[in-house]
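Data first, discussion second: the structure below is written as structure tokens.
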There are 2 protein chains.
Amino acid sequence: MLTQQRHRIILDLLKEKSVIKIQEIIDLTNTSESTIRRDLSQLEESRFLKRIHGGAARLQGKLQEPSMIEKASINLQEKRLIGQYAASLIEEGDSIYLDAGSTTKEMIDFLDVKDLAVVTNGFMHLSDLLNKGIKTYLLGGYAKPSTNALIGRGALEGLEMYRFDKAFIGVNGIHPQSGYTTPDQEEAMVKQKAINLSRDVFILADDSKFGEISFGKIADLNQAVIITNKLEEDISKHYKSKTTIKVVTS
Amino acid sequence: MLTQQRHRIILDLLKEKSVIKIQEIIDLTNTSESTIRRDLSQLEESRFLKRIHGGAARLQGKLQEPSMIEKASINLQEKRLIGQYAASLIEEGDSIYLDAGSTTKEMIDFLDVKDLAVVTNGFMHLSDLLNKGIKTYLLGGYAKPSTNALIGRGALEGLEMYRFDKAFIGVNGIHPQSGYTTPDQEEAMVKQKAINLSRDVFILADDSKFGEISFGKIADLNQAVIITNKLEEDISKHYKSKTTIKVVTS
DNA sequence: ATGATTTTGATAGAAAATGATTGAATCATG
DNA sequence: CATGATTCAATCATTTTCTATCAAAATCAT
């Protein structure tokens, strides 16, 4: 049985029952205990469930589409490292802008500064932020389902009432000539405006984004500092002259 | 039986009754007394209940009467009926404003109209709305944790870019002289503005709200139609002359 | 095929959960 | 207040589950 199939079985089981025992999964999959434990570890790492002593438990508010599994689990460890480093840059009393997106979401776990104000256009960030007791302001606007981002006129006008010490932005493409890009033009506009309103700007991007170009232009390279997980030497030279790059390693 | 399952059983029991005896839990879970005592310790440590001699008691906020809690859960069925009726008022192509709050949230399940645009300041409504495929716009502003509502300047300015066919508003108090009221002044301002921007306005309120007065004034009675679950005849006469009241029965 | 990488199943020691038992603390009753 | 009955916290041995590790099997790229 394929790993993917087992993962699907486990997640389907969790749709029925809020907790499942390891033995149930073993019976259903005809695999060893070790394999199931590994599956559960991976699914927990990718935030699809919570391991508990004796099995696994559903965690609420999680959309479990098959396509989501791969997408979300790719580079999660890297994103987490990037997020951890980015969070460490935040200082007491800062006002920060947190862009929608999976990488910026990883920052929230590591936000331990007191007296912090966060503005975000990512509505899936909200519950995590509030659970940590962080004073949070949401932009308004159209709630785009595919990226969980608030965009459009509401978001742009909402931004105008804030100024930020630091902005943390996710992008899809980083390119020496084309700069920072993202597929959706409207999302690009929001990111762009947030950048213009912030004293310091940090782009959070794993290594897969370098060399890519998307449709919507956000900004030029030199308008932000890049935080990434690794960078090949031969690729690096195209970027180093244009902006500052912080490479985070484990 | 897994720890998490027992904890769930215990907490569910406490939703029904305000105090429970250890023996009841033992019978329901087929575990030993020691185990249950450990469970109760952990749940108390996590502030989910309070241990008392002989069992456990529900933990309540200082302002909440024990009777109020039971009333709140009892009224869930009523709220659902109110929500269902309110949803049935919506027509094809409407733009509606959905206030934050538990009663308006019940409407979402029953929203079956196509070509509908929803604007809301309740950020806990979002996932339900998007899951139903409804085009949703969120107000911006400060995310108030206790009521899951967006309030403040961001919410008020965000409202200005919309006009509504119908607005569905939750309130805490309905009174012949004081009109509609709610405890938080800032939330009241948002509700007030939404009312002013809407052609038709509906107040969703179960019967416990009649005769109550809270701190923040929202509007006068005649500015909206009230949807409620029941209304005593002797109370009714104080309101009927001032506004339209729709009583929903099962 | 060949070797490299990934996946798997098995195992042993560590950690956690459980049930029983003890004596102390608390309660209800006269 | 004295008494017995209950309930409690603390402890222990046992069982279950978990983590870490390793070697066999399967998969993959060449």
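Throughout, a chain's letter reflects where its sequence line sits, starting with A, and its residues are numbered from 1. In this text the structure is predicted, and so the values were computed from the model without any measurement.
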| said: Please evaluate residues A:Lys144 and A:Glu186 with respect to the criterion salt bridge (Lys or Arg N to Asp or Glu O under 4.0 Å), reporting the C-alpha separation (whole Å), side-chain torsions for both, the decisive distance (0.1 Å), and the verdict. | reply: CA-CA 10 Å; A:Lys144 186 180 173 193; A:Glu186 293 219 69; over 6 Å; no
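To the nearest angstrom, P of D:dT16 lies 20 Å from CD1 of A:Ile36. Atoms CG (A:Leu40) and C1' (D:dT19) sit 14 Å apart, rounded to a whole Å. Separating the NZ atom of A:Lys21 from the P atom of D:dC18 is a distance of 12 Å, rounded to the nearest angstrom. One interatomic measurement links the two molecules: CD1 of B:Ile26 to C1' of D:dT6, which rounds to 13 Å at whole-angstrom precision. Rounding to whole angstrom units, CD1 of residue B:Ile52 and P of D:dT7 are separated by 12 Å. The CD1-C1' distance, from B:Ile22 to C:dT26, rounds to 14 Å in whole Å. Note: CZ (A:Arg37) to P (D:dT19) measures 7 Å, nearest angstrom.
The distance between the ring centers of A:Phe210 and A:Tyr239 falls below 6.0 angstrom.
Going from atom CD1 of A:Ile227 over to atom CG of A:Asp206 covers 13.0 Å, rounded to the nearest 0.5 Å. Between B:Lys21 atom NZ and B:Ile52 atom CD1 the span is 10.5 Å, to the nearest 0.5 Å.
Crowding of A:Lys217 atom NZ: a count of heavy atoms from other residues, nucleotides or ligands under 6.0 Å exceeding 12.
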| query | Going 5' to 3' along nucleotides 14-22 of chain C, which nucleotides have protein heavy atoms under 4.0 Å from the base (write B), which only from the sugar-phosphate (write S), and which from neither (write -)? | reply | --SSBBBB-
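At a threshold of 4.5 Å between non-hydrogen side-chain atoms, the residues B:Leu98 and B:Ile108 count as touching.
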